[in-house]
Amino acid sequence: MAGPGMVDLTLRIRRFNPDVRPDPWWEEHTIEAEPNDRLLDALHRVKWYQDGTLSLRRSCAHGICGSDAMLINGRNALACKVLVKDVAPRVTVEPIRGLPVLKDLIVDMEPFFAGYRSILPFLVNESDPGDRERRQSPEERARFDDTTKCILCAACTTSCPIFWGDGEYVGPAAIVNAHRFVFDSRDQAGKERLAILAEKSGVFRCRTTFNCTEACPRGIKVTQAIQEVKRAVLFNRA
Amino acid sequence: MADRQTRRRDEGYGRLYRGSREGQWSWVLHRVTGVVVILFLFAHVLDTAVVGWGPAAYDRVVSIYKNPVVQFLEWILVAAVLYHAFNGVRIMIVDFWPRAARRHRELSYGTIGVFVAVMIWVSIVMLPRVFR
Amino acid sequence: MTTVHTYDAVVVGAGGAGLRAALEASKSVRTAVISKLYPTRSHTGAAQGGMCAALGNVEEDYPEWHAFDTVKGGDYLVDQPAAQLMAREAVDAVIELEHWGFPFNRTPDGKIDQRRFGGHTRNHGEAPVRRACYAADRTGHMILQTLYQQAIRNDVRFFNEFYVLDLLLTPDGRAAGVVAYELASGELHVFRAKSILFATGGYGRIFRVTSNAHTLTGDGPGLVYRRGIPLEDMEMYQFHPTGLYKLGILVSEAARGEGGILLNGQGERFMERYAPTIKDLAPRDMVSRAIYQEIKEGRGVDGKDYVLLDVSHLGAEVIDEKLPDVTDFARVYLGVEPKREPIPIQPTAHYAMGGIPTDIDGRVVSGPEETPVPGLYAAGESACVSVHGGNRLGTNSLLDIVVFGRRGGAHMAEYARSAALPALPDEPERPIAQLLEHLLGESGDQRVADIRSELQEQMFDLAGVVRREDGLRKLLDILPGLRERYERITVQDKGRTYNTELMEALELGFMLDVSDTVATGALARDESRGAHYREDHPLRDDVHWLKHSLAYRQDDGSVRLEFKDVKMGPYVPMERKY
Amino acid sequence: MAVDTEPSSEQSGHRADSLGTPLPRGVAGRARPARGGEFWWWLFMRVSGIVLLFLAVGHVLIMHLGGSGVERVNFGFVATRWQSPLWRTWDWLLLSLAILHGINGLRVITLDYVRRPGVRLTINGFFTIVGLVLFALGTIVVVTFDPSKWPGVIK
C-alpha cells in the first residue's frame, strides 16, 4: 500500500523493442507517487528503479519543449502536463499514432518534420527593411499570436484520424505553422503557402474532427486556425 | 513496497482514440450515413429506371418497398439522409465561419437536437407503417 | 561500424547559440549541427521574459547604460570590453531577429515593445528602465523557433539525436573532430572538421531543484574538461529567485517586471528592506539571498521553505496577454490561480555563468595567458566570455546566445576557410567505444538514479544559494565516493536502439566532472561575489578575488585551479546597492 | 585516411539526418504549381451540399413522409409526377448532384484509408464507372420517359 500522502499508480505501458522481439507487448508497473507528481515523474520512476530499458523522450518537463507527447488513456497529451492524481490508480500509456514506433514510446518524428518543412515555415520578405524593425501594429501582431505558441510536439497531428489513415496529409501542426506566417503582416509568401496547402496533401483533407484542438497542450485553437487557412485559400482564389 | 511488475502478452492496439466526442464521432457518423445513402442511391437509380419498362415491371419492383422490413430500413435511410444533411450544415458553418470553431460543441449538440426533434416526427409518421 | 563525416565546421548543440552560429557559418562553409535533441526541444525554448537591447523604443536608453548594468549586475567579475560589445551589438541582434520574423510584442505605433527587467536601470542605477524586448512570456521559445526556421530556410544540415561524447585534438592541440553516439542506432560517428563550436547549454541538473531540462547535464564543458581544457568561474552558479515551489519550474522575472511583488509568510513586501530603490527588480542573486534570509529567519509561509509571488493585482488582461505561460504553470502544477492568489515560489538552480573560457570571437582560450585552442569554439551557456561575471542579469542570456553565437559562427567559418583539415588520430572513436563497452558490459551493483539524486541533493544543500567552508569540504569528501560508486554502475538495457538508460549513465559522468569543478571553485573563493555567497566570508574581496578561476582536470581526476585577471574597463568596482 | 570533401558521401543509409529532403531555394524557385484539385472538390461538396439539402430533403419529405409514403408510389404516381418539367428537372438535378457528391465522398474515404496507389485507383475507378453508368441510365430514363405509351395510367 502507498505511504501517507502517496498514491499507488499502475502504469500499463505499450512496449516495443526491435532488439528484443519483433512485435509490441504490454507491460504493467505499479509505483508509488505523490498525487501532484507528473505522469512523466511516474514514468521516470519506472525507468530509474524498475526497468531501465523503458525508453521515452523528455527534456524540459514542463510542457515547453514538446518531447513527451504520448497517447495517455486514449488521448494525446504531454506526460509532463498530466498529474498523477488525475489518472490514478491506473493509466494506459502508448506511443502517439500514425508515426512509426522505433522503441517503446519513441516514434520516428521525421515524417512529422517533413510535413512541417513542406509549408515553408519561415518568414519571407525580400524588401529591404533598413536598419530598424519593420513596423507591425499590435492588432496585426495579435492576428497570428495563437499559432506562434506551437512547440511541434505532434500531439495534434497524431490525434488526427486522417493523418493515421493516410501517408500524405501534412497534418494540423504543419497547417498551424503555415497559419503563423500566412497571417503575419510582414510575410510575402502567403500565396505560395496557400498553393501548397490547396494540394491533395493539404488543408482540404481536414474533416474538422476537433481532435487536434483538444489534444494541443498549448491550448492553440488548431481547428480554427485550419479553417482560417481554408478561408484564405478560398478568398485568395475568389 | 508498492513497486511491482508484470509482463503480459500483446493485446493489440484496437483501442479507440478517445478524441473529441462531438467532433470525432459526428465525423464518423457523417461518413457512415454518407456511405449508406450513396449505396441506396445506386439501388434507387436502378429501380426507378425500371419505370421505362412500363407499369407491370415497375410496380413489381416498387412492391419491395412495401415490405415492413424494407420499410424499417427506409426509416433508417431517412435518418441517414437527415443526419447527413443537418451535420453537413454544421460542417459548412464551421468551414465558412472559422470563429464558429470555438463553439463547435454547442453546434454539435444543436445539430443533434434538431436531428432528434425531426426524427421524432419522422418516427411518428413512418414507424406505424412498419408495425401495421 | 563507425561512420566518418567530414565538414568544414561542426556545431555541437542546437539551442539558440548553436543555431545562430550554424546560420552564420553555413553562409560560407559546409556546416553540420549535431544535437542530442531535436533542435526545437532545446532549452532556449524555456526562456521566458525577454531579451534586452537599448533600442530606446519606449523611453530613453543607451547601450552604455546597459553595459554598466551588466557589469554591476555581474558584481564586477565581468570582462568589461565583452559586456560593452554585447550591449552595443544587442540592438542589431534584436533588429536582425525581427527581420527574420520574430513576433515581438509591439507598441501602439508598431515598434518593438519593451518592458522592465531585474537589474536593468536608467542612467547607472537611477530607476528601472524598459529595455527588455519580448514576445509575451515565451521569448526564448520564439527565438528558438525563429532560428530553427532560418536554419530550414538556409538548408543547414542537422544530425538530430546524436550525442557528442568526445573532442578529438591533434597532438599539437588543434581541434580535429568530435565523436558522437547515434541514439537511434547505437552506432558511433566521427565528425571530422576544421572548426568545432560547442553550444551545449548548462548543467542545472547537478542540483536538486532546478529550472533546467533533464537533458542539461554539462556534456560540453564536461568533455572538453576531460581533454585538458580548463573551465572558467565554475563556482558562479545562479539561483533564480522564483521557481515554482518544489518543482523549480521557472516563473519569469517578467512577472515582477510587469509589477508582480514578493511577499513573505507575514504578507510583508520584504524586498523593500533589501533593495530600497528597485525593490523586487533587484538582480537575481540578491533576491534569492533575500528569500533565503526570510526563510531562515522564520518568515517563510507557514514556517516552510517558500515565499509568495503575487501578480493578482495586475488584472486578468495583463496576465493573459503578457504572462500566459507562467501563470499556466502555476495552475497546472500547483493548482493555484494566479489571478486570485499568490504563487508559492523558492529559488531554483537556473544558470551557469561559468563554462568553457572564450574570447569575444567565441575562440576557446586556455590558461591565464588565454592561448587560443586552434579550431575550437564555444558559445552560449556552456561558454564563459565572460559577460555575466558573478551573476547574470535577466534577459542577457538570450542576448548572449545570439551575439556570441553569431560571432563564434563567423570566426569559425573564417578559420575553416584558411585552415587545412587536421589529421585524425588512429582509431579516433576508441576511448568512447571502450567507455560504452565498460558501461554496458559490467553488471555492477549501483544504480544511476541513486547516485544522481544523491549528487543533486548534496550539491543543492552544500553548494547552493548560500555556501560555507565546512559544507563545501564535506561536499568534496562526498564527491569522490559518488565517483567510486559510478565506476560500479549497472545499465540494464544492453540494446542499441534508443538506449536512453545508457545515455543517462553517460550524462551522470559529465555531471560528476562538472560538480567537482563547482565545489572546488566555491571552496577556494573565500569571498562573496554575485551568485557565489559564502556565509563565512560575506563580503566581496576585490584585493584578492577580482579574478576568474580556471579549473583543470588532473590526471588523477582531481581539480587544479589557476586564476586570470578580469579585463577591466571604464567601470570601477563599487559597492553593489540597488 | 583520404580527405573526404563530400559531406554525406561516407554516410550509408543515414536515417537520422533531419534535413534529408532539400527544399528548393530562392523565393521564385520555391513556388510550386497550384494544383488545387482538392480545393475545388472541397468547394463542390459544400455547394452541392447546400443544393442537395433542399433537393434531397425535399425529396425525402415528399416521397417518404408525405401522404402514405412509399405506399402510394406506383407507376401511375411516377408517370403523373413526371408530367411536370419541374419534377423531371428536380429529379435529374438530384440524380446528378447526389451521384457526384457521393462518388467524391467515396473517393475521399479511399484517399484516407487506402495507401497503395494501384488499389486506390482500382477502387476509385470502379465507383466512377458505376456512377457514370447509373447517371447515364437515370438521365435516359428521366429524359425519354413517355407515359403516353401506357394510356390510362395518368390520374
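By convention in this document, chain letters (A, B, ...) are assigned in the order of the sequence lines, proteins followed by strands, and residues within each chain are numbered from 1.
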Contacting moiety of C:R496, where chain A heavy atoms sit under 4.5 Å: both
As an exercise: rank A:S137, A:C150, A:A142, A:P18 by heavy-atom pairs under 4.5 Å with chain C and give me the winner. A:C150
Given C:F104 and A:R141, is the side chain to side chain contact (heavy atoms under 4.5 Å, CB included) satisfied, shown in steps? CA-CA 8 Å; C:F104 285 107; A:R141 166 67 180 75; 5.8 Å; no
Is A:D68 salt-bridged to C:R41, going by a charged N under 4.0 Å from an acidic O? no
Can you check side-chain hydrogen bond (donor to acceptor under 3.5 Å, both in side chains) on A:T148 and C:R138, steps first, answer last? CA-CA 10 Å; A:T148 63; C:R138 49 174 188 280; 3.1 Å; yes
Picking from A:R132, A:R134, A:R186, A:Q136, what satisfies side chain to side chain donor-acceptor pair (under 3.5 Å) with C:E98? A:R186
Side chain of A:S55, backbone of C:Y498: donor and acceptor closer than 3.5 Å? yes
Step through it carefully: locate the ring centre of A:H62, locate the ring centre of C:F329, and say whether they are under 6.0 Å apart. yes
Is it true that C:R106 and A:E140 make a salt bridge, defined as a side-chain N closer than 4.0 Å to a carboxylate O? no
A:P138 versus chain C, the contacting section by heavy-atom distance below 4.5 Å: both
What distance separates A:Y49 OH from C:R447 CZ, expressed to the nearest 0.5 Å? 6.5 Å
Please test C:Q149 against A:N177 for side-chain hydrogen bond (donor to acceptor under 3.5 Å, both in side chains), starting from the C-alpha separation and ending with a verdict. CA-CA 10 Å; C:Q149 289 156 7; A:N177 283 282; 5.2 Å; no
Per-residue contact mode, A:I151 against chain C (heavy atom under 4.5 angstrom): both
Spacing of CD1 belonging to C:I95 relative to CG belonging to A:D131, to within rounding of 0.5 Å: 8.0 Å
Does the distance from a Lys or Arg side-chain N to an Asp or Glu carboxylate O, for C:E504 and A:R58, drop under 4.0 Å? yes
Going through the distances and angles, do A:F113 and C:T40 end up as a side chain to side chain contact (heavy atoms under 4.5 Å, CB included)? CA-CA 11 Å; A:F113 278 101; C:T40 56; 3.9 Å; yes
Set of residues satisfying salt bridge (charged side-chain N to carboxylate O under 4.0 Å, His left out) with respect to A:K149, sequence neighbours excluded: A:D146
Under 4.5 Å from any heavy atom of chain A - which part of C:T44: neither
With C:D493 as partner, the option from A:D51, A:D19, A:T53 fulfilling side chain to side chain contact (heavy atoms under 4.5 Å, CB included) is A:T53
In Å, rounded to the nearest 0.5 Å, how long is the span from SG of A:C65 to OH of C:Y38? 13.5 Å
To the nearest 0.5 Å, tell me how far A:K103 NZ sits from C:T497 OG1. 6.5 Å
Look only at the side chain of C:R153 and the backbone of A:L123, and say whether a donor-acceptor pair between them is shorter than 3.5 Å. yes
Is the backbone of A:S59 close enough, under 3.5 Å, to the side chain of C:H43 for a donor and an acceptor to pair up by distance? no
Can you check side chain to side chain contact (heavy atoms under 4.5 Å, CB included) on A:L83 and C:Y333, steps first, answer last? CA-CA 8 Å; A:L83 299 189; C:Y333 297 111; 4.1 Å; yes
Using heavy-atom distances under 4.5 Å, tell me whether C:I249 contacts chain A through its side chain, its backbone, both, or neither. side chain
So, the part of C:D113 with a heavy atom under 4.5 Å from chain A: the answer is neither
Carboxylate-amine/guanidinium contact C:E161 A:R57, below 4.0 Å: yes
Heavy-atom pairs under 4.5 Å with chain C, option from A:C153, A:C60, A:G63 with the top count: A:C60
Sort C:V91 into side chain, backbone, both or neither according to what part of it lies under 4.5 angstrom from a heavy atom of chain A. side chain
Toward chain A, the part of C:V332 with a non-hydrogen atom under 4.5 Å: both
Output the option from A:D145, A:V20, A:N17 having the highest count of non-hydrogen pairs under 4.5 Å with chain C. A:D145
Residue part contacting chain A, namely of C:H99, when any heavy atom lies under 4.5 Å: both
What part of C:D92 is in contact with chain A, defined as an atom under 4.5 angstrom from a non-hydrogen atom: side chain, backbone, both or neither? neither
Do any N or O atoms from the side chain of A:R117 and from the backbone of C:I152 form a donor-acceptor pair under 3.5 angstrom? no
What orientation do C:Y148 and A:Y116 show, parallel under 30°, tilted 30 to 60°, or perpendicular over 60°? parallel
Does the side chain of C:N160 pick up a donor-acceptor pair with the side chain of A:E110 at under 3.5 Å? no
How far does CG of A:N36 sit from CG of C:L334, to the nearest 0.5 angstrom? 7.5 Å
Rounded distance [0.5 Å steps], CD1 in A:I64 versus CD in C:Q48: 7.5 Å
When the 4.5 angstrom heavy-atom criterion is applied to A:L152 and chain C, the contacting part is both
Which portion of C:L144 sits near chain A, non-hydrogen atoms under 4.5 angstrom: neither
